[in-house]
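For reference, the structure is listed below as structure tokens.
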Protein chains: 2
Amino acid sequence: MADVKSANPLFLREDELRQAIELLFFGYRDFTGDADRILAEYGFGRAHHRVIYFVGRHPGMPVSQLLAILRITKQSLSRVLGQLVAEGFVQQTRGTVDRRQRLLELTDKGRELERKLTEVQKQRIARAYREAGAEAVAGFRTVLRGLIDAPDRARFDDGEGAPSPPGRR
Amino acid sequence: MADVKSANPLFLREDELRQAIELLFFGYRDFTGDADRILAEYGFGRAHHRVIYFVGRHPGMPVSQLLAILRITKQSLSRVLGQLVAEGFVQQTRGTVDRRQRLLELTDKGRELERKLTEVQKQRIARAYREAGAEAVAGFRTVLRGLIDAPDRARFDDGEGAPSPPGRR
DNA sequence: CAGATATGTCAATATGGCTGACGTAAAATC
DNA sequence: GATTTTACGTCAGCCATATTGACATATCTG
């Protein structure tokens with residue numbers, strides 16, 4: 001089982017690749033489904049979740065960087081971020097080194113919601129990880145990382161979490 | 001490397017689980033990005049892709065079954081499916097055993113688009129698979145399958161492609 | 001025949017994207 | 001110090017995709 005280096009190994013067959021497409025479709029649908037249900041209770045959507053997640057992950061992040069990660073326009077972000085600020089989930093403070101910047105961070109209320117959302121997703125992943133075992137998990141990460149475009153792939157190299165450099169897209 | 005059965009193995013640590021969340025976010029975004037670009041040329045969106053994909057995969061599928069897979073309302077499907085039929089990508093024929101049913105299938109034009117869309121996605125997956133190797137691929141599939149809710153998980157067991165039984169949701 | 005089912009359609013609404021235009025404050029540059 | 005660039009915000013309008021609810025029609029089933 002170590003010499004699978006033929007020109008067209010089994011795992012590159014048509015139906016294997018198709019299966020991957022469907023695994024990603026169903027997997028992502030169910031993976032996001034957990035959080036969607038919680039968000040609905042708050043009148044929020046997936047867009048709010050992404051903001052809450054990344055702000056929670058990188059406290060003090062300026063708006064421009066959040067835009068770069070999410071790859072949406074500032075007008076689109078504005079509505080969502082505005083709601084989160086208005087309802088007290090996200091807090092904006094002026095930057096000290098560059099006073100034009102609005103640095104974003106979660107409030108206690110925001111952190112609580114972030115925790116709830118991340119919790120259900122972590123549980124789903126933990127269950128799948130546990131059932132699959134360490135080796136399968138390593139494979140999962142390798143393949144998924146390989147599906148990501150090079151610029152953002154670096155995010156999963158080293159310390160993981162380092163914001164990608166400007167001009168990545 | 002065979003006795004990782006402690007109460008809380010390394011791969012279940014907080015940061016490992018968080019990394020999985022981000023891998024899925026970035027991975028799915030880039031995975032769908034390829035097809036999105038092609039679809040835009042046709043004035044279609046992701047919704048059209050899903051219809052084309054599943055109809056192509058299961059020719060002769062009735063509308064009700066497509067609704068069950070996509071988990072959207074018939075009103076939502078109606079607009080998208082209507083466009084695809086109007087523009088000659090999908091063809092509807094009355095069922096013979098049950099004449100109330102509209103059985104869906106791709107036209108030649110539809111099959112051609114399906115092929116183009118699936119092709120770019122297969123290429124991305126094939127590259128990641130090739131770089132990762134057979135064992136990693138096996139792990140990827142095991143974990144991803146574990147992320148899927150039980151009803152649809154069966155889709156990836158046996159012959160794979162068997163439509164899930166009625167009442168799955 | 002009565003009722004359930006498969007499909008379609010009309011209308012109204014929400015969410016989350018987009019482009020374009022314009023404004024303001026602060027930093028950076030000449 | 002004046003000018004230009006940057007970071008951010010906002011107004012206005014558009015599009016795609018989803019929702020709920022109500023109703024219509026044809027067909028199947030008991």
Side-chain angles (χ1 to χ4, degrees), chain A residues 25 28-29 32-33 35-37 39-55 60-87 90-104 163 166-167, chain B residues 25 29 32-33 35-37 39-52 55 60-87 90-104 163 166-167 169:
Chain A
F25 170 72
Y28 196 73
R29 185 190 63 179
T32 53
D36 287 348
R37 258 162 264 133
L39 289 159
E41 297 169 16
Y42 289 76
F44 291 153
R46 232 175 254 185
H48 300 85
H49 186 185
R50 293 195 282 262
V51 170
I52 287 178
Y53 181 85
F54 285 106
V55 170
M61 164 187 270
V63 172
S64 56
Q65 199 184 323
L66 184 54
L67 287 173
I69 289 182
L70 299 179
R71 288 194 199 164
I72 57 174
T73 59
K74 63 180 175 178
Q75 294 92 327
S76 296
L77 176 60
S78 160
R79 187 172 11 87
V80 172
L81 184 56
Q83 280 176 270
L84 290 171
V85 170
E87 297 182 35
V90 172
Q91 191 185 337
Q92 287 174 313
T93 60
R94 292 189 89 87
T96 49
V97 339
D98 187 337
R99 286 174 39 81
R100 287 173 305 182
Q101 294 183 330
R102 259 52 150 218
L103 306 183
L104 305 172
Chain B
F25 171 71
R29 187 190 61 179
T32 53
D36 287 346
R37 257 163 264 129
L39 289 160
E41 298 169 16
Y42 290 77
F44 291 152
R46 231 173 255 184
H48 301 85
H49 187 185
R50 293 195 283 262
V51 170
I52 286 177
V55 170
M61 164 188 266
V63 171
S64 57
Q65 200 184 323
L66 184 55
L67 286 173
I69 288 182
L70 299 178
R71 287 193 199 167
I72 58 176
T73 58
K74 63 180 174 178
Q75 294 91 328
S76 296
L77 176 60
S78 158
R79 184 181 18 85
V80 172
L81 184 56
Q83 281 176 268
L84 291 171
V85 169
E87 298 183 34
V90 172
Q91 192 185 336
Q92 287 175 312
T93 60
R94 295 189 88 89
T96 48
V97 341
D98 186 336
R99 285 174 41 82
R100 289 171 305 179
Q101 293 183 329
R102 263 35 157 228
L103 305 184
L104 305 172
R169 212 214 167 171

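Below, chains carry the letters A, B, ... as their sequence lines are ordered, and counting in each starts from 1. What you see below is based on every heavy atom in this structure, not just the backbone, and it leaves out hydrogens, waters and symmetry mates.
- Between A/Y53 and A/H49, the ring planes lie perpendicular to each other; the angle is over 60°, past the 30° to 60° tilted range.
- Taking the nucleotide of DNA chain C with the nearest heavy atom to each of A/K74 and A/H48, the more 5' of the two is matched to A/H48.
- Of all heavy-atom pairs spanning A/V63 and A/L77, the tightest one is CG1-CD2, 4.0 Å.
- Distance from the side chain of B/S64 is smallest for C/dT7 among the nucleotides D/dG9, D/dC28, C/dT7.
- Atom CG of B/L77 is separated from atom C1' of C/dA6 by 13 Å (rounded to the nearest Å).
- The phosphate of D/dT17 (OP1 or OP2) has no side-chain N or O of B/S76 nearer than 4.0 angstrom.
- One can place CG of A/D98 at 10 Å from C1' of C/dA25, the figure rounded to the nearest angstrom.
- A/L103 has its CG atom 11 Å from the P atom of D/dG9, to the nearest Å.
- Within 4.0 Å (heavy atoms only), A/T73 reaches at least one base atom of the nucleic acid.
- If you measure from atom CZ of B/R46 to atom P of C/dC18, you get 12 Å, rounded to the nearest angstrom.
- Within 4.0 Å (heavy atoms only), B/R79 reaches at least one base atom of the nucleic acid.
- One atom, CG of A/L104, and another, C1' of D/dA7, lie 12 Å apart when rounded to the nearest Å.
- Between D/dC8, C/dT9, C/dT7, one nucleotide has an atom nearer to the side chain of A/Q101 than all others, and that is D/dC8.
- Separating the CG atom of B/D36 from the P atom of D/dA16 is a distance of 14 Å, rounded to the nearest angstrom.
- Along DNA chain D, the nucleotide nearest to A/R100 and the one nearest to A/Q75 differ in position, and the one closer to the 5' end is contacted by A/R100.
- Every residue two or more places apart in sequence or in another chain was checked for a side chain to side chain donor-acceptor pair (under 3.5 Å) with B/R79, and none qualifies.
- Looking at heavy-atom distances under 4.0 Å, A/Q92 makes contact with sugar-phosphate atoms alone, never a base.
- For the pair B/R99 CZ and C/dT5 C1', the interatomic distance rounds to 15 Å; values are reported in whole Å.
- D/dG9 atom P lies 13 Å from atom CG of A/L84, rounded to whole Å.
- The only member of A/I72, A/L104, A/L70 that meets side chain to side chain contact (heavy atoms under 4.5 Å, CB included) when paired with A/V51 is A/L70.
- The two residues B/T96 and B/R99 come nearest to each other via the heavy atoms O-CG, 4.2 Å.
- For the OP1/OP2 pair of D/dT27 and a distance below 4.0 Å, the side-chain nitrogens and oxygens of B/R94 include at least one atom meeting the criterion.
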